[in-house]
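See structure below.
Residue indices begin at 1 and follow the sequence shown.
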Amino acid sequence: MSADAITPVFVRLKLSLLRNGLRQSGGRKAAYITSAVFALLFAALQLIGLIALRGHAHAESVVVLAVAVLGLGWAVMPLFFPGGDETLDPTRLVMLPLRPRPLMRALLTSSLVGIGPLFTLCLLVGSVVAVARGGAAFAVGAVAVVLALLVCVALARAVAAANVRLLTSRKGRDLAVLSGLVIAIGAQVVNFGAQRIGASGLGELDPAAAVLQWVPPASAIGAVHAVGEGSYGVALAQLALSAGALVALLAMWSRHLTRLMTSPDGSTLPSAGSAARERSSTGLGRLLPPGRTGTVMERSLRYVWRDPKTKTAWVTSLAIGLIVPVFNAWQGTGSVYFACFAAGMLGIQMYNQFGQDTSAFWMVAMTISSTHDAYVELRARAYALLLITLPYATLVTVLTTAVLGDWRRLPEALGLSFALLGAMLATGAWTSARFPYSIPQEGYKNVAPGQTGLAWISIVGGMMAAALLCAPVIALTIWLNVSADGDAWTWLLLPAGTVYGAALAAVGLKLAAPRTARRLPEILAAVSKG
């Protein structure tokens, strides 16, 4: 079948997928329409803003960076949101008698249908208007817009085709967990960059733009500016780079597409050797304590590594716990006490311990027949959390202190972090038994319908209680810092905070154990609701 014959079919297929997706539920239709309206509104405002930037001395730097970031977004979109577009998976077409080249043209054309391509087109048109000077520049700009748009779409297609076996497997879907990390880091980078620009002006972008103007698809926009400046050789080289990138991406896409359509899928089938090695691997178990404590710790750590929802929560907490104190310290607006944020973010993982098990908690409940069993279970879960949190909180505190150069306050910051961690372990164990709730395994919801109130009471109430429990250490820190000769004794806050946090955790586990043993049926019913 020729490309001319199948291209309209694929365009209609893309429109049908969008239309049928909206018919599934009223909530999905409302969410899609709302997101589309906001995206188009933002695109329109962005277009107006770029046009208003015309004639500014640093307009080229702004648009080059914007298009470079846009290209990066198209590259990572298939990795972080593999289910966002069903047409990104060409393996669904393997049974059809289609040749690679006609199929590529049809898929490339259908990829231009949607909100994403329209948003990209608005940004590219605004970028050309912002930097074009003269008729020749606008003529080159028309070519640059088409070229940059095709580079973005081909980049997304090539990345998706190269990784589709991974992304459609069970383990491959866990890659989307990294989106939380990228979003958290990206938000802080944007915040830091905006503050730098606000303080020093748009000239801060010039060095980065000087490099990125030679990187497709930004090089196509750089060519428009070069033509306006009369640098026709530079413009030709930049257009050639974008055209060469498009050809290379299409070739890579064609190669991966041919392999996908002609070779069997063995990506999710481990070899016998690797399976045997996995079965015989007991390295983690040998490092943990014997008995129930080690078993529970290993189970909890495996949840962190294998369960998508648990992994998402941990990755997000680890990223934000590091970014907030370190980036604020880097900007010169932070304090060494911000390092406590790391302990607080990971301490939240102690809340709703049984809800993380979902319906599998019944197997745990079968092994708890006394208060002692419940205590050992909770203590082992706390140990597993401490195995990650203690070195992590220490590392973040040291990094924050190093960036600020305030080494004198390192002991008190560590003492406060350890006290806060102990308080959150205590309150997390108690609220896990008193306010358990279910975490749905499917979708993006973290609380089952009807249990939102329980989740708020458990997390917010527990955090407020932890803050109150830390009041003695906070008061001691303030007193030593305001007293005349207190600086000589601030080092005592490290052992004091450590001992106080350990005592709080021990007491909290002791108090939560009998409640857990008594309320096993209620806990099982609550966590199995989703």
Side-chain angles (χ1 to χ4, degrees), residues 35-77 108 111-156 186-187 189-191 193-194 196-198 201-231 234-235 238-239 241-243 245-246:
S35 62
V37 169
F38 276 104
L40 294 177
L41 179 62
F42 183 73
L45 293 175
Q46 185 176 243
L47 177 61
I48 295 172
L50 289 171
I51 294 174
L53 197 63
R54 179 177 173 81
H56 194 280
H58 302 287
E60 183 201 11
S61 299
V62 174
V63 298
V64 164
L65 284 172
V67 175
V69 172
L70 181 70
L72 178 63
W74 276 93
V76 302
M77 182 270 292
L108 188 64
S111 297
L112 298 175
V113 177
I115 298 175
L118 181 58
F119 179 89
T120 303
L121 181 63
C122 290
L123 188 145
L124 292 173
V125 170
S127 300
V128 169
V129 173
V131 298
R133 296 180 183 177
F138 277 103
V140 172
V143 177
V145 167
V146 175
L147 197 55
L149 180 60
L150 290 177
V151 167
C152 289
V153 176
L155 179 60
V189 170
V190 170
N191 178 45
R196 290 287 300 272
I197 293 172
L202 294 176
E204 291 284 333
L205 302 177
D206 291 344
V211 176
L212 292 176
Q213 68 176 341
W214 295 97
V215 178
S219 59
I221 303 302
V224 179
H225 179 265
V227 169
E229 295 292 321
S231 303
V234 173
Q238 290 174 324
L239 281 177
L241 278 173
S242 293
L246 178 59

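At least one donor-acceptor pair closer than 3.5 Å links the side chain of Arg54 to the backbone N or O of Ala132.
Here Phe38 pairs with Thr34 under the side-chain contact (heavy atoms from CB on, under 4.5 Å) rule; sequence neighbours left out. Residues passing the side-chain contact (heavy atoms from CB on, under 4.5 Å) test with Val64, sequence neighbours excluded: Glu60, Ala209, Leu212, Gln213, Ala218. Not counting sequence neighbours, the partners of Leu112 by the side-chain contact (heavy atoms from CB on, under 4.5 Å) test are Leu149, Val153.
One finds the OG atom of Ser127 at 7.5 Å from the CD atom of Gln46 (value rounded to the nearest 0.5 Å). To the nearest 0.5 Å, the span separating CG on Leu246 from CG on Leu108 amounts to 8.0 Å. Atom-to-atom distance recorded for Ile115:CD1 and Thr120:OG1 is 11.5 Å, nearest 0.5 angstrom. Separating the CG atom in Leu121 from the CG atom in Leu47 is a distance of 9.0 Å, to the nearest 0.5 Å. For the atom pair CG (Leu65) and CG (Leu70), the distance works out to 12.5 Å, reported to the nearest 0.5 Å.
Closest of all the heavy-atom pairs between Ala226 and Gln238 is CB-OE1, 3.9 Å. Considering every non-hydrogen atom in both Ser242 and Leu147, the closest pair reads CB-CD2, 3.5 Å. Among all heavy-atom pairs drawn from Val129 and Phe138, the shortest one is CA-CE2, 4.4 Å. Annotation for Trp74 and Ala156: closest pair O-CB, 3.4 Å, computed over non-hydrogen atoms. Contact record, Val224 with Ala137: CG1-O, 3.6 Å, taken as the closest heavy-atom pair. The shortest heavy-atom contact between Leu155 and Gly71 is CD2-O, 3.4 Å.
Screening Leu123, Val215, Val62 for a side chain to side chain contact (heavy atoms under 4.5 Å, CB included) with Val67, the sole residue that qualifies is Leu123.
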